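Predicted model, so just to flag it, every value in this text is computed and none were measured. We count ligands from 1, going down the list as the structure has it; atoms in each ligand are counted the same way.
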Amino acid sequence: MSSHASYEVLTVATVPTYIRSRPALARLVDTATLSVREVGDGNLNLVFVCRDAKGRGLCLKQALPYVRIVGESWPLTPARSAAEARSLDAALSACPELVPGFHGFDPKRFVIAMENLSEWTVWRAALNAGEIHRGVAGTMGEYVARMCFATSLFGLQPEAAHLRAAEAVNPELCRITEDVVFTEPYLEHEHNSYASGIASEVERLQRDERLVAEVGALKYRFMTDGQALIHGDLHTGSIMVRREEADRGSAKVIDGEFCFYGPVGFDLGALAGNYLLAYARGLALRRPAGFLSWVEGLPRETWDAFCAALRALWPSRAERFLSDGFLESWLEGVWHDAVGYAGCKAIRRIIGLAKVSDIQTLPPEEHRWAAAVVLRTASRWIAERNAIGTPDGLLAIARETAMDLER
Ligand code: ADP
Ligand code: SR1
Ligand code: MG
């Protein structure tokens, strides 16, 4: 048991006994023949995948009472797992095929039981390997749209929407985002670290008062604009993919513990910011043109699918007073937010806490170059977000930046 935990933290050895103690789970697998692995590669939690002799599987995710990547010196409420359960529950009504099957939540031990996706791959890993999974970016746009509609004033009566927003407050996890995404990368901070070769790029960014003020405005919107239940951490490591045929893929969203009522553009921005990280890696490694042009198209694929899904749902909106014209101007606002958030989400992965393998696993020279491409591109996205009119422009800016930067 951890010194901070007031509950029993699971181990590979204790998972079968735990499953036996929960009859609804004990029915799903044969605990006598269970093999269990801890596969958590995230920043916060324990994740156990289990399979019995007949091949039946189960995944248990347990919140630790501290931030896993930092250690027990940074306590964090394990009750955050209730937020992940809330996110899964909402998705089960809005888009059940886009999340793992949900087998229940144990609020005493902070354990989520869900479908075992061991046969699937984390999208970031697939992107890092240069794999093409067509359709996934569009599916993510659809996920954001369907969750947005189902949890907001668009799809709910006002009383229900307000109550759900009130229940879904997630202050400790929002505070992490407010700090590690919107604040620390723009200051000298003990959480920051980066390759010495990009120190001048980082200093220039931190000294850019206009940029820092724009990030402040985006942070304020993040803290105040409760449009819908957003995922809150929708990077490519929160998406599992599976190849269905040739290069087409299916996708499921995991890890909704950062969910709260926030700006929808934050989720779309998380996706686009992570497409930039994948693109910078692809350029640095001189991946084939087919891979690079596919990645360049991902922001458009996500955005078009998001708009199409929302427009398709619009005729069934709860609030008839909202016009078609309102939707179009709302979408325009979400787009410009998304561009700004994409920039913030990319910058934090280069300067701040919780790095990503897209960049970290590059050899030193490629790492320095790709990180500089990301910082310069993302800064332009933030500063020019209200002038960037289409998703096609996003990675075109990265391509131009890459051409300007010597290797
Ligand atoms: P954290 O909240 O710590 O970031 P994640 O939810 O991102 O944890 O999960 C960490 C890792 O566990 C994922 O990258 C993935 O490899 C694995 N994982 C998560 N959920 C499942 C699942 N349902 N089935 C199989 N593996 C999973
Ligand atoms: C201290 S937690 C750092 C990051 O891990 C999560 O996955 C979120 O991205 C968070 O910002
Ligand atoms: Mg995670």
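- Every atom of ligand 1 with a heavy atom of Asn116 under 4.0 Å away is listed here by number and element: 24 (N), 25 (C).
- At under 3.5 Å, a nitrogen or oxygen of Arg348, whether backbone or side chain, sits near a nitrogen or oxygen of ligand 2.
- Listed by number with element, the atoms of ligand 1 under 4.0 angstrom from any heavy atom of Leu44 are 3 (O).
- Counting the atoms of ligand 1 from 1 in the order shown, those under 4.0 Å from a heavy atom of Asn43 are 3 (O), 4 (O).
- For His367 and Glu365, the side-chain atoms include no donor-acceptor pair closer than 3.5 Å.
- Less than 4.0 angstrom separates some heavy atom of Val180 from each of these atoms of ligand 2: 11 (O).
- Within ligand 1, the atoms closer than 4.0 Å to a non-hydrogen atom of Ser118 are 25 (C), numbered from 1 in the order shown.
- For ligand 1, the atoms sitting less than 4.0 Å from at least one non-hydrogen atom of Met114 are 20 (N), 23 (N), numbered in the order shown with element in parentheses.
- Between Phe222 and Phe182, the angle of the ring planes lies from 30° to 60°, which puts this pair in the tilted group.
- Close approach of ligand 2 to Phe258 (heavy-atom distance below 4.0 Å) involves ligand atoms 6 (C), 8 (C), 10 (C).
- Of all the heavy atoms of Val122, the ones lying under 4.0 Å from any atom of ligand 1 belong exclusively to the side chain.
- Proximity to Glu257 (heavy-atom distance under 4.0 Å) selects the following atoms of ligand 1: 2 (O).
- The distance criterion of under 3.5 Å between nitrogen or oxygen atoms is not met by Ile254 with respect to ligand 1.
- When heavy-atom distances to ligand 1 are checked against a 4.0 Å cut-off, Val47 comes that close only through its side chain, counted from C-beta outward.
- Ion pairing of Arg124 with Asp358 is present here, as a side-chain N (NZ or NE/NH1/NH2) and a carboxylate O approach within less than 4.0 Å.
- Between Arg368 and Glu201 there is no salt bridge, since no side-chain N of the basic residue sits under 4.0 Å from a carboxylate O of the acidic one.
- Distances shorter than 4.0 angstrom do not occur between any heavy atom of Lys345 and any atom of ligand 2.
- Close approach of ligand 1 to Val49 (heavy-atom distance below 4.0 Å) involves ligand atoms 25 (C), 26 (N).
- Between Lys61 and ligand 1, at least one N/O pair is under 3.5 Å apart.
- Note: an N/O pair closer than 3.5 Å links Asn43 and ligand 2 by distance alone.
- Comparing heavy-atom distances from atom 6 (C) of ligand 2 across Val356, Asp233, Leu76 singles out Asp233 as nearest.
- Residue contacts with ligand 2 for Glu257 are absent, since no atom lies close enough (heavy atoms, distance under 4.0 Å).
- Remark: of the listed residues Arg242, Arg51, Lys252, Arg51 is the sole one forming a salt bridge (Lys or Arg N to Asp or Glu O under 4.0 Å) with Glu119.
- Salt-bridge check for Lys61 with Asp255: passed, with a basic side-chain N closer than 4.0 Å to an acidic carboxylate O.
- Distances below 4.0 Å separate heavy atoms of Asp41 from the following atoms of ligand 1: 10 (C), 11 (C), 13 (C), 14 (O), 16 (O).
- In Leu353, the part holding a heavy atom less than 4.0 Å from any atom of ligand 2 is the side chain.
- Note: no N/O pair closer than 3.5 Å links Gly237 and ligand 1 by distance alone.
- In terms of modelled atom types and a separation under 3.5 Å, the side chain of Glu257 and the main chain of Ala83 share no donor-acceptor contact.
- Under 4.0 Å from ligand 1, not a single heavy atom of Arg68 appears.
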